[in-house]
There are 4 protein chains.
Amino acid sequence: MTSKPKKVVLAYSGGLDTSIILKWLQTEYGAEVVTFTADLGQGEEVEPARRKAELLGIRPENIFIEDLREEFVRDYVFPMFRANTVYEGQYLLGTSIARPLIAKRQIEIARAVGADAVCHGATGKGNDQVRFELGYYALEPDIRVVAPWREWDFASREQLLDFAEKHQIPIAKDKRGEAPFSVDANLLHSSSEGKVLEDPALEAPEYVHQRTISPEDAPDRPTVIEIAFEKGDPVAIDGETLSPAALLARLNQLGHDNGIGRLDLVENRFVGMKSRGVYETPGGTILLAAHRGIESITLDGGAMHLKDEMMPRYAKLIYNGFWFSPEREMLQALIDKSQENVTGTARVKLYKGNATVIGRESPLSLYDQDLVTFEEGTGGYDQRDAAGFIRLNALRLRIEARRRTRLGPDGA
Amino acid sequence: MTSKPKKVVLAYSGGLDTSIILKWLQTEYGAEVVTFTADLGQGEEVEPARRKAELLGIRPENIFIEDLREEFVRDYVFPMFRANTVYEGQYLLGTSIARPLIAKRQIEIARAVGADAVCHGATGKGNDQVRFELGYYALEPDIRVVAPWREWDFASREQLLDFAEKHQIPIAKDKRGEAPFSVDANLLHSSSEGKVLEDPALEAPEYVHQRTISPEDAPDRPTVIEIAFEKGDPVAIDGETLSPAALLARLNQLGHDNGIGRLDLVENRFVGMKSRGVYETPGGTILLAAHRGIESITLDGGAMHLKDEMMPRYAKLIYNGFWFSPEREMLQALIDKSQENVTGTARVKLYKGNATVIGRESPLSLYDQDLVTFEEGTGGYDQRDAAGFIRLNALRLRIEARRRTRLGPDGA
Amino acid sequence: MTSKPKKVVLAYSGGLDTSIILKWLQTEYGAEVVTFTADLGQGEEVEPARRKAELLGIRPENIFIEDLREEFVRDYVFPMFRANTVYEGQYLLGTSIARPLIAKRQIEIARAVGADAVCHGATGKGNDQVRFELGYYALEPDIRVVAPWREWDFASREQLLDFAEKHQIPIAKDKRGEAPFSVDANLLHSSSEGKVLEDPALEAPEYVHQRTISPEDAPDRPTVIEIAFEKGDPVAIDGETLSPAALLARLNQLGHDNGIGRLDLVENRFVGMKSRGVYETPGGTILLAAHRGIESITLDGGAMHLKDEMMPRYAKLIYNGFWFSPEREMLQALIDKSQENVTGTARVKLYKGNATVIGRESPLSLYDQDLVTFEEGTGGYDQRDAAGFIRLNALRLRIEARRRTRLGPDGA
Amino acid sequence: MTSKPKKVVLAYSGGLDTSIILKWLQTEYGAEVVTFTADLGQGEEVEPARRKAELLGIRPENIFIEDLREEFVRDYVFPMFRANTVYEGQYLLGTSIARPLIAKRQIEIARAVGADAVCHGATGKGNDQVRFELGYYALEPDIRVVAPWREWDFASREQLLDFAEKHQIPIAKDKRGEAPFSVDANLLHSSSEGKVLEDPALEAPEYVHQRTISPEDAPDRPTVIEIAFEKGDPVAIDGETLSPAALLARLNQLGHDNGIGRLDLVENRFVGMKSRGVYETPGGTILLAAHRGIESITLDGGAMHLKDEMMPRYAKLIYNGFWFSPEREMLQALIDKSQENVTGTARVKLYKGNATVIGRESPLSLYDQDLVTFEEGTGGYDQRDAAGFIRLNALRLRIEARRRTRLGPDGA
């Protein structure tokens, strides 16, 4: 860990912080820097990052700018939604799920350009450093990882800005003071943390929200949409087949307009502390409801219960950064196996913060109206079977009750 | 199983169906019938059941009418909510949780009056028969259970009504035709099933809802309330200490008025079929959100994750009728242990179907602003620790990655 | 369920009981009987069943006799052993795992010969009826199932024998009286139950054992063998590649000779009662030890722990008869995914009841001597990393401890 | 973390390594050292540690020597055995379970003497450092932890010995060269690791074993003992009531004499590497078998299955050092709840490495011979109930099978 990195692939946003890191890598280590800027749907142009990198002296062949939106949604977001994944009962893991893909591309670029190190801009208190670095190590075990926020000696934001100024890094006027909160965003969600959000007793101010209007501001009329699924993944909205990223973007717009997907929670970080975040996952929130809806008629009960019991563990693995781990892949195999017949259409009503499934149908439905009807149907269900079913399920309880009786009222 | 019951404690609502059962027990078995009518907050008067029972020839000492609302909420609903219990990701188990208490009281009454049998009015296709009877058997292993719907020979509703008429059981005019759906209700929820709801592709009609106005009809202004918890249970609303039943009733009113707690889902019954139900759990939906909110700052992360992983199994036990089972009690011990410090206040915003936690505070909070702040705090967190933390978490992934490298690009 | 079966595929052993069933199917229902006799390695010739069936009037084209040993071991036993499966901590599921295959072949034969029913000889108190019938229904949902032991009116063994005599079914002399215990056997194990074993306080008599000599009678010298695995399945013993059935047979012989694989336990049946069985699984016991041995160096820790936590549930599914269920297949996908690199050799010492792994090696080993050595190695492990690892793992415990301190010594 | 410790409570064995640590604490930090030496049944006298500490300049009031054997077995070993705890399918956690108690006493002594720091002698590659330190932090969150092996600059054993010599620490002649393996021991087990054991392909040499004779050397005649349990804990052997420590010591002797409890395995350390250990747990191995035996007749099936599924997670918590964590305590509450009726006697045969349960009886037995007998008993079991039980269990499988049929043979 003590050798200097020679050539570093930096996850570069083009913003002030990663620009400082870029320059710090050059000055601290004399390293050749390769920048990697990905469009994951964060909602900002990525091309400006090219110009900024060039201004900071990066050679053109060392600037990588890629649109990863389709890969992100297809290979990361959708597989995760197959499990109805939520962390701690609520969080849709919008930040967590993006990190493995960035890490993977950094490693691939490092191999392509012959870099010996990779670098990210995550701080030393958060989960993202873990997610990046577990990804790096799982894919390239002997890579040199540079984590500037844990390594450099800047003791304050002021010192950082001095460094930036000294190295002619442009500082937007509004960055002079500190932002009132920090943001991460991609096609699945945006998150806001810190500063004005640090007291969990206080309501998050309206202005931290970026992806949704408030339910109060949403239209007074519901919007109803139909989402079609094939093998557990959404493929069309209202009959229009869409690519993964296009579909999620469409859902995001619908969610945005109807005030759907806001979440304000205190969560447990992998590094051991509680933190408060405000998340907005408009499309994901609709997708989760719809997926549960289509599963409800196409997935066997035993399969569903197994999935539901596995989900918290699967969510924790993703949250903690173990996407590229054997156990996440094992759970994915289990989940994917369950989705083979999760095909059909869910109808969802969107209204002022609510995404409510109001109908579901499928050629592969396991719902059998003949069975369930109050009239004696033709589904082959004999009510008298229930007597035996109950009596054998009760047998061990009865045996235990007889023991209690033997023991007397006070169990002694 | 073949002997005739002599004295039967019947779970008696006073309605047409259980009145027919009452009469059928008398005529089929010549049994002495003891009626038990409980107020669980279903929203109907229970005293009329006394008069009806008397009309059907039940002696006064054989008529039991009880208000169980406080016991229901305190000993069944609240313990269940400690686990943030939902079945199949969504259902708050409003029907399931009421059955064990009814079964328990029937058995206690059977002991008190010397009855040899108990009887319920649940059909042979549903979960409730299982829940009643597992309860009976677990508490009194050799009780004789009578389940008329599985036993009698009536082949149609018409025949039932003929029987009623023949025995002077009053039939309300609107019962002549069949109800467009069937209802169960208690202080936690109401459920609607059957008939007009049997096609899961079709939206549930507005008129099946009973406990809530629709979000669209709810006020345009949010209502904000504060719910105080002690050791995992709610104890006060907006500073006013309330008994369990009074508190839940208050939340129900608030939920009702704000269109909160509607659920339309297809679920997997224990007896093996899928069914569609519309549930309304206004107070419970608010309570679940608030409980998660107060847990988020007072419950350790490891404890929370363990609870979350156990929850689906706990929910399934309750849904399937195993409340009085050793394994439910074991899980309850685990859950209750976790709630010792779940004390504090959650602030919840109610608005058109949404129950959103917007603030939480507690003298026992584990949230530490000093730790989480972006500024270097005094909480004793050294960012450099994260490097070692990550590297050891990564170690096994790196070893596995090296194996892949040894194996070559195609893993062979 | 009330129509008479016309053509029935009977799981026929050729023994007295299934011969009685055969004749009963003919006389009770006038059904055409198709016999299916499988060699699953039970240790008896199957060809004699042909002659017996013919004697009882079965037409040659209705007699199916098959050697299923390879399929049994390859597709049922080995997949199960990939999970190190034991039920209730001990039972290797030797009976349970054979039932699905028999059920599957019965259904396939029923389709081939146009039969409308299948029939087995399992009693109404055991697990096997469940395993057979869940298999039937899962593969052919509308098949008619005949379970004579639950259906016929014979009230005693005497009546059964009278029926046999009346229908010229040969009765071996020693069957006149009742057997002192009942037996099931296949290539994986033999089981003994009932009669002399019914008091769990009493030691099982030596004579119930069939597949093993007692440890006391085994040789005074250990035998050491090497078992090679590929992707989780054993493929060779002492360098000799063997087919699945041949390999298991070889292990059975080795286990037999060294008194390995006896188990005397009280287990919980799916139908709700406890029963006592004596099982002998000589080869399986060796295989389990060896498989754990090779996994110990080739399987990642996270993968192993996930497998270990899933195992009891997987075992229960097999025990309860849910082999052909979505959730068993999901778990199998998870398990199989984990086995991709479980390749290598385990050395096992066999000695008087003990099967002890004494060495394991693999080209895919994850064990790294450089890492683990007490000397500072070159494996890239920096002991100082452990400090950060521990401190962040401790962080939430410290925060909780500080809360206790705030609360004072009595937590109030 | 940077301040110097002033007064340190050292876990002191009296051996060379912890004596070096003692002196290093004095010389490196100028710290006042308090020694704590516990008798956990490691089999060495603890009083000599007093003299050694005095020789190294420790004041009498700073020397703590305690016999913790009863507390160790009663409050740590027995609770763990209630869960039938094994790590990775095999390891009885003999080392892991001793660490929390040592940590707890060190913290209590630190409070009593006003020390600001604690210190242990575990290396930086193992699990024990984690177990000690998580214990320290969980009980005293702001304690200063000194871990010399991770902190000092000695680069080789040679340098350590030079330091010892320089400070007049006596070095036993046989310590001049390095030990061929390292040992940990307490009343539950002994472990051997390192050096001659580092190649997992090679059999462990006989001389590493300390607590057992080899099965080959054990008597040719079995020994049969009876172990009585109350509420899950053993209380008597062959009718003689014994204290926890005396009982475990007795079992150890019996296990030793019969070659029981040896284990040679490769395990996954919490710090991410695989290591090979040889463990001897003679009494514990017998106890595990006996406990399973008594549970088999006194514990409900549902309770047992829940326990069995929780066990791997519970084992992992103990292995990883989380004894003093909320989630371990929650699991303990669940486990303890299950043990209320685990009372009775198991008879165990000990013979050349085997500990085999051959009989179990209990006044609280759930085993019901009437139910299980092949004869129709009086236990209230109606074989015909099984038909309904099976049909409802099969229902969802049949519905799924019908879907497959609808889809056609190729599922399309």
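In what follows, chains are A, B, ... by sequence order, proteins preceding strands, each numbered from 1.
Heavy atoms only, all atoms of each residue included: D/Asn268 and C/Asp300 are closest at OD1-C, 4.5 Å. Nearest heavy atom pair, residue C/Glu151 against residue D/Arg384, reads O-NH1, 3.8 Å. Looking at every heavy atom in both residues, C/Asn393 comes nearest to D/Leu134 through C-CD2, 3.9 Å. Taking all atoms of both residues into account, the shortest heavy-atom contact from D/Gly89 to C/Asp308 is N-OD2, 4.1 Å. In terms of heavy-atom proximity, C/Tyr381 sits nearest to D/Gly124 at OH-O, 2.8 Å.
Residues satisfying the side-chain contact (heavy atoms from CB on, under 4.5 Å) criterion with D/Glu216, sequence neighbours excluded, are C/Pro222, C/Lys349, C/Tyr351, D/Ser214. In this view, C/Glu329 and A/Lys337 satisfy the side-chain contact (heavy atoms from CB on, under 4.5 Å) rule, not counting sequence neighbours. Shown here are the side-chain contact (heavy atoms from CB on, under 4.5 Å) partners of C/Pro205, two or more places apart in sequence or in another chain: C/Val196, C/Leu197, C/Tyr207, C/Val208.
In terms of modelled atom types and a separation under 3.5 Å, the side chain of C/Arg398 and the main chain of D/Ala138 share no donor-acceptor contact. Under the 3.5 Å distance criterion, the side-chain polar atoms of D/Arg150 are left unmatched by any main-chain donor or acceptor of C/Ala386. The main-chain N or O of D/Leu371 is found under 3.5 Å from a side-chain atom of C/Lys125 such that the two form a donor-acceptor pair.
Contact annotation for D/Glu295: only backbone heavy atoms (N, CA, C, O) come within less than 4.5 Å of a heavy atom of chain C. With a 4.5 Å cut-off on non-hydrogen atoms, D/Ala147 does not touch chain C at all. In this structure, no portion of C/Asn84 lies under 4.5 Å from any heavy atom of chain D. With a 4.5 angstrom heavy-atom cutoff, D/Phe389 touches chain C only via side-chain atoms. For C/Lys352, the parts sitting under 4.5 Å from any heavy atom of chain D are the backbone and the side chain alike.
In this structure, C/Asp199 does not pair ionically with D/Arg360, as no charged nitrogen and carboxylate oxygen lie closer than 4.0 Å. The pair D/Arg396-C/Glu327 meets the salt-bridge criterion, with a side-chain N (NZ, NE, NH1 or NH2) lying under 4.0 Å from an Asp/Glu carboxylate O.
When the candidates D/Pro326, D/Gly321, D/Gly302 are compared by the number of heavy-atom contacts under 4.5 Å with chain C, D/Pro326 comes out ahead. The greatest number of non-hydrogen atom pairs below 4.5 Å with chain C, out of D/Glu133, D/Gln369, D/Glu400, D/Arg347, is found for D/Gln369.
Side-chain atoms of C/Tyr319 and D/His305 form no donor-acceptor pair, as typed in the model, at a separation below 3.5 Å.
Residues of residues 271-278 of chain C placed with any heavy atom under 4.5 Å of a heavy atom in chain D are listed by number as C/Val271, C/Met273, C/Lys274, C/Ser275, C/Arg276.
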- Item | Test side chain to side chain contact (heavy atoms under 4.5 Å, CB included) applied to D/Asp264 and C/Thr356, step by step | CA-CA 8 Å; D/Asp264 168 352; C/Thr356 311; 5.5 Å; no
